[in-house]
Amino acid sequence: MTIKIPNVRLNNGYEMPIMGFGTYSGKPEEFTRMISDAINAGYRHIDGAMFYGNEVDVGNAVRQKIEEKVVKREDLFLVSKLWPTFMSPHLVEPTLRQTLKDLQTDYLDLYLIHWPTAFEENMGLVPKGEDGKILFKTVDFVDTWKSMEACVRQGLVRSIGISNFNSQQISRLMSHCSIKPVTNQIEVHAYLNQKKLIEFCSQHAIIVTAYGPLGRPGFQKDDSEPVLILDPKVKELSAKYGRTPAQIALRYLTMQNLPVIPKSSTKSRIEENLASLEFDLSKEDMAILDGLDCGYRNNKWEWALKHPEYPFTLPF
């Protein structure tokens with residue numbers, strides 16, 4: 001039996017499942033099985049991006065489940081993101097159309113500006129100069145956004161949003177947009193609880209979607225970087241509730257009404273992550289997890305440290 005996943009209502013009236021399935025990284029030959037397992041378990045929110053290099057595989061997997069009549073297209077919430085090398089306004093629509101072709105769908109449910117930092121185009125997805133540094137391009141993300149809005153009007157995408165934007169960038173975008181972003185997808189977990197940015201987004205009716213909700217275990221560069229699901233307090237709560245540390249970490253976020261997009265290639269963990277919705281944490285234990293915040297950011301976006309729109313120079 002599949003688990004019923006609650007939805008969060010977006011500011012344009014559409015709804016997004018609070019538990020999504022992330023598709024970042026992994027072996028291409030695994031994606032069909034992974035997404036099949038996820039859809040069979042009950043996931044309907046599939047989060048992806050052109051940069052991940054697997055949208056053809058994701059599209060094939062989704063098409064297979066539709067042909068098997070496990071789901072209909074309208075049951076699914078498909079997400080993709082516009083990479084920094086395609087932020088020039090004239091590139092937005094053709095880039096989105098390529099994603100639609102790869103995913104084998106007529107529309108996206110949500111399309112995000114992946115980062116506020118534009119890169120040089122026509123040099124691959126990671127354009128570098130002779131010195132090995134990323135080549136930046138001067139593109140105003142407000143102009144990018146206006147092309148995103150045009151895609152909504154054409155029916156290519158239902159909702160549009162942003163990812164990795166700070167409060168100042170959001171304020172500027174809000175002062176120039178005619179269609180509000182529905183979400184800001186950012187790194188959020190108990191070690192980086194983002195309370196101030198979440199509150200700021202809430203004031204603008206923007207839902208925060210949490211990527212890296214488990215603290216991105218396995219992405220740490222060395223033993224000096226903390227691993228959330230190994231934290232003693234998380235383990236204590238795991239024992240108390242009879243749930244895994246990952247389930248504790250996920251429920252901490254979904255109880256704040258934050259959509260999460262964990263990724264796993266293992267069927268049992270795919271199901272385990274979804275089962276985190278089956279219990280509640282007490283107010284006292286939520287406070288314990290709040291207290292773990294140490295400002296630890298796994299994804300520092302070091303490629304763009306010198307970019308004028310680098311988002312992590314502000315407190316939030």
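The residues of the chain are indexed from 1 along the displayed sequence. When reading the values below, keep in mind they use all heavy atoms of this one structure, side chains included, and skip hydrogens, waters and symmetry mates. Not measured: the values here are computed from a predicted model.
Note that CD of Glu15 is 11.0 Å distant from CD1 of Ile207, once rounded to the nearest 0.5 Å. Atom OG of Ser202 is separated from atom CD of Gln256 by 11.5 Å, given to the nearest 0.5 angstrom. Put simply, NZ on Lys81 and OG1 on Thr99 are 10.5 Å apart, with the number rounded to the nearest 0.5 Å. In this structure, Leu289 CG and Asp231 CG are separated by 8.5 Å, a value rounded to the nearest 0.5 Å. Remark: Ile186 CD1 to Leu192 CG distance equals 7.5 Å, nearest 0.5 Å. In this structure, the separation between NZ on Lys233 and CD on Glu236 is 6.5 Å, given to the nearest 0.5 Å.
Leu108 places none of its side-chain heavy atoms less than 4.5 Å from the side chain of Leu156. The shortest distance between side-chain heavy atoms of Phe136 and Lys306 falls below 4.5 Å. A heavy-atom distance below 4.5 Å is found between the side chains of Ile46 and Val58. Looking at heavy atoms from C-beta onward, Leu82 lies out of side-chain contact with Leu96 at the 4.5 angstrom threshold. Residues Tyr43 and Leu274 meet the side-chain proximity criterion, which asks for heavy atoms closer than 4.5 Å. Met19 has its side chain within reach of Leu277: a pair of non-hydrogen atoms, C-beta onward, lies under 4.5 Å apart. Leu214 is listed as a side-chain neighbour of Leu250, based on a closest heavy-atom distance under 4.5 Å. Looking at Ile248 and Phe279, their side chains come closer than 4.5 Å, going by heavy atoms from C-beta outward.
Ring pair Tyr111/Trp145: centre-to-centre distance not below 6.0 Å.
Taking each heavy atom of Asn11 and Ala205 in turn, the nearest pair found is ND2-O, 3.0 Å. Among all heavy-atom pairs drawn from Leu258 and Ile18, the shortest one is O-CG1, 3.6 Å. Across all non-hydrogen atoms, the minimal contact from Gln194 to Glu187 is NE2-O, 2.9 Å. Heavy-atom minimum distance, Val8 versus Pro259: CG2-CG, 3.7 Å. The two atoms that bring Lys4 and Pro6 nearest to each other are O-CD, 3.7 Å, heavy atoms only. Listed here is the closest heavy atom pair of Pro311 and Gln169: CB-OE1, 3.7 Å.
Side-chain atoms of Asp285 and Tyr241 form a donor-acceptor pair, as typed in the model, at a separation below 3.5 Å. Side-chain contact check for Tyr211 and Asn299: at least one donor-acceptor pair (N or O, by modelled atom type) lies under 3.5 Å. Side chain to side chain, Asn54 and Tyr24 fail the donor-acceptor criterion of an N or O pair below 3.5 Å. Of the N and O atoms on the side chains of Glu121 and Ser88, at least one donor lies less than 3.5 Å from an acceptor on the other residue. Asn60 and Gln104 share a donor-acceptor pair across their side chains, judged by distance under 3.5 Å alone. Checked by atom type, the side-chain pair Glu55/Gln98 shows no donor-acceptor distance below 3.5 Å. No side-chain N or O of Arg243 forms a donor-acceptor pair with one of Ser276 less than 3.5 Å apart. Side-chain contact of Gln185 with Asp47: a donor-acceptor pair under 3.5 Å is present, judged by distance alone. Judged by distance alone, the side chains of Gln64 and Ser36 never bring a donor and an acceptor atom under 3.5 Å apart.
Under a hydrophobic clustering in which Ile, Leu, Val, Met, Phe, Trp and Tyr are joined whenever their side-chain heavy atoms come within less than 4.5 Å, directly or via other members, Val126 and Leu135 fall into different clusters. Linking Ile, Leu, Val, Met, Phe, Trp and Tyr residues whenever their side-chain heavy atoms come within less than 4.5 Å leaves Leu314 and Tyr296 in two separate clusters.
The residue from Met148, Arg172, Glu149 that alone fulfils the side-chain contact (heavy atoms from CB on, under 4.5 Å) condition with Cys177 is Glu149. Residue Asn184 forms a side-chain contact (heavy atoms from CB on, under 4.5 Å) with just one option from Asn166, Ile206, Ile198, and that option is Ile206.
Put simply, the side chain of Asn193 never gets that close to the backbone of Asp293: no donor and acceptor are under 3.5 Å apart. In this structure, Ser167 contributes its side chain and Phe316 its backbone to a donor-acceptor pair below 3.5 Å. Using a distance-only test at 3.5 Å, with no hydrogens or angles considered, a donor-acceptor pair links the side chain of Arg73 to the main chain of Tyr107. Panel note: side chain Ser238, backbone Val234; no donor-acceptor pair is recorded below 3.5 Å.
Note: Phe119 and Trp301 have parallel aromatic rings, judged against thresholds of 30 and 60 degrees for the angle between ring planes. Using the six-membered ring where Trp is involved, Trp83 and His114 have ring planes that are perpendicular, over 60° apart on the 30 and 60° scheme.
Annotation: cation-pi geometry satisfied between Arg297 and Phe312 (NZ/CZ under 6.0 angstrom from ring centroid, within 45° of ring axis).
The environment of NZ in Lys195 is crowded: more than 12 heavy-atom neighbours from other residues, nucleotides or ligands sit within 6.0 Å. No more than 12 heavy atoms of other residues, nucleotides or ligands sit less than 6.0 Å from atom CD of Gln168.
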Could you pull out every donor-acceptor pair under 3.5 Å between side chains of residues 260-272 and any protein atom, sequence neighbours left out?
residue : atom : partner : partner atom : Å
Ser264  : OG   : Thr266  : N            : 3.2
Glu272  : OE2  : Thr244  : OG1          : 2.9

